[in-house]
Undergrad: 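Quick one: structure below, then a few questions.
As a basis for the values below, the full set of heavy atoms in this structure was taken, side chains included, without hydrogen atoms, waters or symmetry mates.
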Amino acid sequence: MAFSVSTKASIFPTLPSNSDHGYSRKLFFSKPPSSLFQPPFLKSLKCVQSLSPDSKPSPSSSPFACSAVSFPSSAAAAAELVPARLQQLITEFGSLTEPSDRVKRLMGYAALLPPFPDASRVALNRVMGCTAQVWLETRIDEEGRMRFLVDSDSEITRGLCACLIWLLDGAAPADVLSLKTEDLAVLNFGLPGTQRSRANTWLNVLVSMQKRSKKLLAEREGKMFEPFPSLMITSDGIDAKGSYAEAQARFLFPDESKVEELVNVLKEKEIGVVAHFYMDPEVQGVLTAAQKHWPHIHISDSLVMADSAVKMAEAGCKFITVLGVDFMSENVRAILDQAGFAEVGVYRMSEDRIGCSLADAASTPAYMNYLKDASMSPPSLHVIYINTSLETKAYSHELVPTITCTSSNVVQTVLQAFAEIPDLKIWYGPDTYMGANIAKLFQQMTFMTDEEIAEMHPAHNADTIRSLLPRLHYFQDGSCIVHHLFGHEVVQKINDMYGDAFLTAHLEVPGEMFSLAMEAKRRGMGVVGSTQNILDFIKQRVQESLDRNVSDHLQFVLGTESGMVTAIVAAVRKLLGSSTTSSEKAKVKVEIVFPVSADSISQTSTGSPQGVESVQLGDIILPVIPGVASGEGCSIHGGCASCPYMKMNSLNSLLKVCHQLPDEDNIIAPYEAERFKTRTLSGKEIADVGCEPILHMRHFQAKKEMPEKLVDHILHQHGNLSS
């Protein structure tokens, strides 16, 4: 159950800050008023006062022998005690009007924690995501109640932990698991409110208490938790756990002969390579190694690929090979043409169509009908995801004024457009999950203070956010087949087994996964955004751990396509390798967890040769459905970790194309990226009109305002599209 309290809580985090998130406010301590520093809290912890600070439990005694609380024997009464005590804490700290007084009270409670055994101060007992070091031990006593012992190297954090001990030590497992982080968030301890402040500590300790309680309960009932596959990265190397992780790790150390072959042909023929993060691990492994010998190789998200291609053309590359789906190569071709490099050849990696379920959704009659509704309701703006074809962007822009977006800038794009244009209606598409997640995010913002909203966008407050919600529309029938399968089964397992880990999620994931990652984000333990946002988050947390110079185990759940792991491993290994941390003094281990369903498909028919037959996915025929046995990990039950379309970009195809260039005999003509020859209904070039929404986005990114040309188009929507 969730506990209701009278104090209103902010349920959405402030923006992350690049500043020091530690506690830096100067405090002036004095003895708290005796009338305030009294029961019920003090009485419930009085059993620890007879212990000297240096006393240690004897080998025969349990560190939990002295209970911090006395729960009533009646289950019903005990169930009511946790919310009652929480309300007492809220009332107690709420009665202290000065933040410094609240901190003094917290410091007073720090002295009341039971002693923690030195032998238990190990990495296994560490709580992730805390500014200070926190250690937690958990057990179930003979009466089936949860017992906790906590300690920290920070007095403020010890005070926070004392509050949790008073709330939950001795409670029934169900009561421990029922407490929500939102229930605790209402307490104001007088600490700084930044995202990574110590104010998040007790939320992260609570989540760790709950995760460890679930594990103990499962063990007591004879249930086994089967972990997801993962890669453990240390300064000494990489350890793969599970067949899926082993398949990913196999190509992190590529065949040197393949690397040499690729580098030689790229240099000889002056070929640049732009590749998406979601490439097959074999391809990424070779490309990452080849980057050291040839500078014109770039692996990124889709937005940066075309920009990188232009830079390569400027540096003298005669050809650009694109490893991605077809709309990516189309965009590269069009942007190169716009930049004056029409003579530079652009090549895909297959003679067949390399589709994308999300881009395909925007090419359907249903999507065009959606936009027709928008065109009949001015003033309207169509915000289209960058991961769509140039043709779709062109036809959309002639029907409704259109600007492209990415998963990292979509929220700011929408907020800025609403701020600049009165009574605007926004029509987002085609990703249904991203649209729903944006709407949910804005709904959560209505519970924020105006100051918190202003940190996200200075032109908005709670009233403006409420007013825009009815004018925000999103397409109801479009999704990425990879992110679509992060379903209930996988989310439940993440919640049960990895609730205290760092959670990463692409903005395209279904709402259940989005909510889980957003809750972690509120505690400084998660990120929701683009592939680049995910990579940056992981690098930041690893660097923070290295800066603390303590042994640490960081666990990240990868809530996006598994191809990201190559870039993550490369970045993490670089950080670990460049660290000046003494290997004898501190060891940092970074674990990347792949949330792959245990029921993943590895074959389609036991009657076909080797258990495999061709199957159709969208418009393409694949000889194998990716599955754990083949190192892919897709599942109809959830947790598809790999895109079958992206995996059509093989190393063999790349080498074939490169060796054939220049293609004087048109042997690889089907591999060449399409240059649109058709025109829009108004007679304009597809490439010209389709590039305009992209240019609008680039203007917004540079100037932080909507382009004047786009605003004029919106306000005069029934006029002709300006040239």
Undergrad: Please tell me if the side chains of Leu287 and Gln284 come closer than 4.5 Å, counting only heavy atoms from C-beta onward.
TA: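 Not in contact.
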
Undergrad: Would a 4.5 Å heavy-atom cut-off, applied to side chains only, mark Asn409 and Met697 as touching?
TA: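 Side-chain contact under 4.5 Å: yes.
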
Undergrad: So, does Asn533 use its side chain to make a donor-acceptor pair with the main chain of Ser530 at under 3.5 Å?
TA: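 Confirmed, Asn533 side chain pairs with Ser530 backbone.
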
Undergrad: Side-chain contact, heavy-atom cut-off 4.5 Å: Val273 with Leu323?
TA: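 A side-chain contact exists here, since the closest heavy-atom pair is under 4.5 Å.
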
Undergrad: Take atom CD of Glu343 as the centre, draw a 6.0 Å sphere, and report whether it contains more than 12 heavy atoms from other residues, nucleotides or ligands.
TA: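 Yes, the 6.0 Å shell around CD holds more than 12 heavy atoms from other groups.
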
Undergrad: Is the closest side-chain heavy-atom distance between Leu554 and Lys589 below 4.5 Å?
TA: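 Answer no - side chains too far apart.
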
Undergrad: Under the ring-ring contact (aromatic ring centres under 6.0 Å, His included) rule, collect the residues that match up with His296, sequence neighbours excluded.
TA: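 Here the qualifying residues are Trp294.
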
Undergrad: Tell me if a side-chain donor or acceptor on Ser551 pairs with a main-chain N or O of Lys587 at a distance below 3.5 Å.
TA: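 Yes, because the side chain of Ser551 sits within donor-acceptor range (under 3.5 Å) of the backbone of Lys587.
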
Undergrad: Can a donor-acceptor pair be found, under 3.5 Å and without considering hydrogens, that links the side chain of Thr680 to the backbone of Ile686?
TA: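 Here the side-chain-to-backbone pair does not exist.
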
Undergrad: Does the Thr288 side chain pair with the main chain of Gly285, one donor and one acceptor, at a distance under 3.5 Å?
TA: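 Here the side-chain-to-backbone pair does not exist.
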
Undergrad: Are the side chains of Ile386 and Lys393 in contact, using a 4.5 Å heavy-atom criterion?
TA: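 Answer yes - side chains close enough.
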
Undergrad: Using 4.0 Å as the upper bound for N to carboxylate O, is an ion pair formed by Arg541 and Glu544?
TA: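 Yes, Glu544 and Arg541 are salt-bridged.
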
Undergrad: Would the Tyr367 and Phe475 ring centres measure less than 6.0 Å apart?
TA: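 Yes - the distance between ring centres of Tyr367 and Phe475 falls below the 6.0 Å cut-off.
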
Undergrad: Among residues at least two apart in sequence or on other chains, which ones pass salt bridge (charged side-chain N to carboxylate O under 4.0 Å, His left out) with Asp307?
TA: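 So Asp307 forms a salt bridge (charged side-chain N to carboxylate O under 4.0 Å, His left out) with Arg698.
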
Undergrad: For Asp665, give me all partners under salt bridge (charged side-chain N to carboxylate O under 4.0 Å, His left out), at least two apart in sequence or on another chain.
TA: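 Once residues adjacent in sequence are excluded, Asp665 has no partner under the salt bridge (charged side-chain N to carboxylate O under 4.0 Å, His left out) criterion.
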
Undergrad: Report yes or no: do Ser545 and Asp552 form a side-chain donor-acceptor pair below 3.5 Å?
TA: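 On atom types as modelled, these side chains qualify, holding a pair under 3.5 Å.
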
Undergrad: Between Lys656 and Tyr671, does any side-chain donor sit less than 3.5 Å from a side-chain acceptor?
TA: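 There is such a pair (donor and acceptor under 3.5 Å, judged by atom type) between the side chains of Lys656 and Tyr671.
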
Undergrad: Just checking, is any N or O donor in the side chain of Asp536 or Gln540 under 3.5 Å from an acceptor N or O on the other one?
TA: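 Side-chain D/A pair, Asp536 to Gln540: absent.
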
Undergrad: Has the side chain of Lys493 got a donor or acceptor atom that lies under 3.5 Å from a matching backbone atom of Pro595?
TA: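 Checking the backbone N and O of Pro595 against the side chain of Lys493, no donor-acceptor pair under 3.5 Å is found.
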
Undergrad: Mind running side chain to side chain contact (heavy atoms under 4.5 Å, CB included) on Thr404 and His696 for me, showing each step along the way?
TA: CA-CA 7 Å; Thr404 57; His696 287 332; over 6 Å; no

Undergrad: Asp326: which residues meet the salt bridge (charged side-chain N to carboxylate O under 4.0 Å, His left out) condition with it, sequence neighbours left out?
TA: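 Residues passing salt bridge (charged side-chain N to carboxylate O under 4.0 Å, His left out) with Asp326: Arg348.
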
Undergrad: When you compare the side chains of Asp255 and Ser257, does any donor N or O come within less than 3.5 Å of an acceptor on the partner?
TA: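 Yes, side-chain donor-acceptor contact under 3.5 Å.
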
Undergrad: Could you tell me if the side chain of Phe228 sits less than 4.5 Å from the side chain of Phe594, heavy atoms only?
TA: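 Heavy-atom side-chain distance check fails, nothing below 4.5 Å.
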
Undergrad: Side chains of Glu282 and Lys258: does their closest heavy-atom pair fall under 4.5 Å?
TA: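 The answer is no, as the side chains (C-beta and beyond) never meet within the 4.5 Å cut-off.
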
Undergrad: Applying ring-ring contact (aromatic ring centres under 6.0 Å, His included) as the test, list every pair that has at least one member in residues 319-351; sequence neighbours left out.
TA: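 Listed by first then second residue: nothing to list.
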
Undergrad: Once side chain to side chain donor-acceptor pair (under 3.5 Å) is applied, do any residues pair with Glu260, and if so which ones, sequence neighbours excluded?
TA: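 Scan of Glu260 (side chain to side chain donor-acceptor pair (under 3.5 Å), adjacent residues dropped) gives none.
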
Undergrad: What class does the angle between the rings of Phe537 and Phe556 fall in, given that below 30° is parallel, 30 to 60° is tilted and above 60° is perpendicular?
TA: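 The rings of Phe537 and Phe556 stand perpendicular, inter-plane angle above 60°.
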
Undergrad: As an exercise, state the distance from OG1 of Thr364 to CG of Asp360, rounded to the nearest 0.5 Å.
TA: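 That separation rounds to 9.0 Å.
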
Undergrad: Side chains of Ser396 and Thr402: is there a donor and an acceptor less than 3.5 Å apart?
TA: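 The criterion, which ignores hydrogens and geometry beyond distance, is not satisfied for Thr402 and Ser396.
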
Undergrad: Report, as yes or no, whether the 6.0 Å neighbourhood of atom NZ on Lys269 holds more than 12 heavy atoms from other residues, nucleotides or ligands.
TA: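 Counting neighbours around NZ of Lys269, more than 12 heavy atoms of other residues, nucleotides or ligands fall under 6.0 Å, so yes.
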
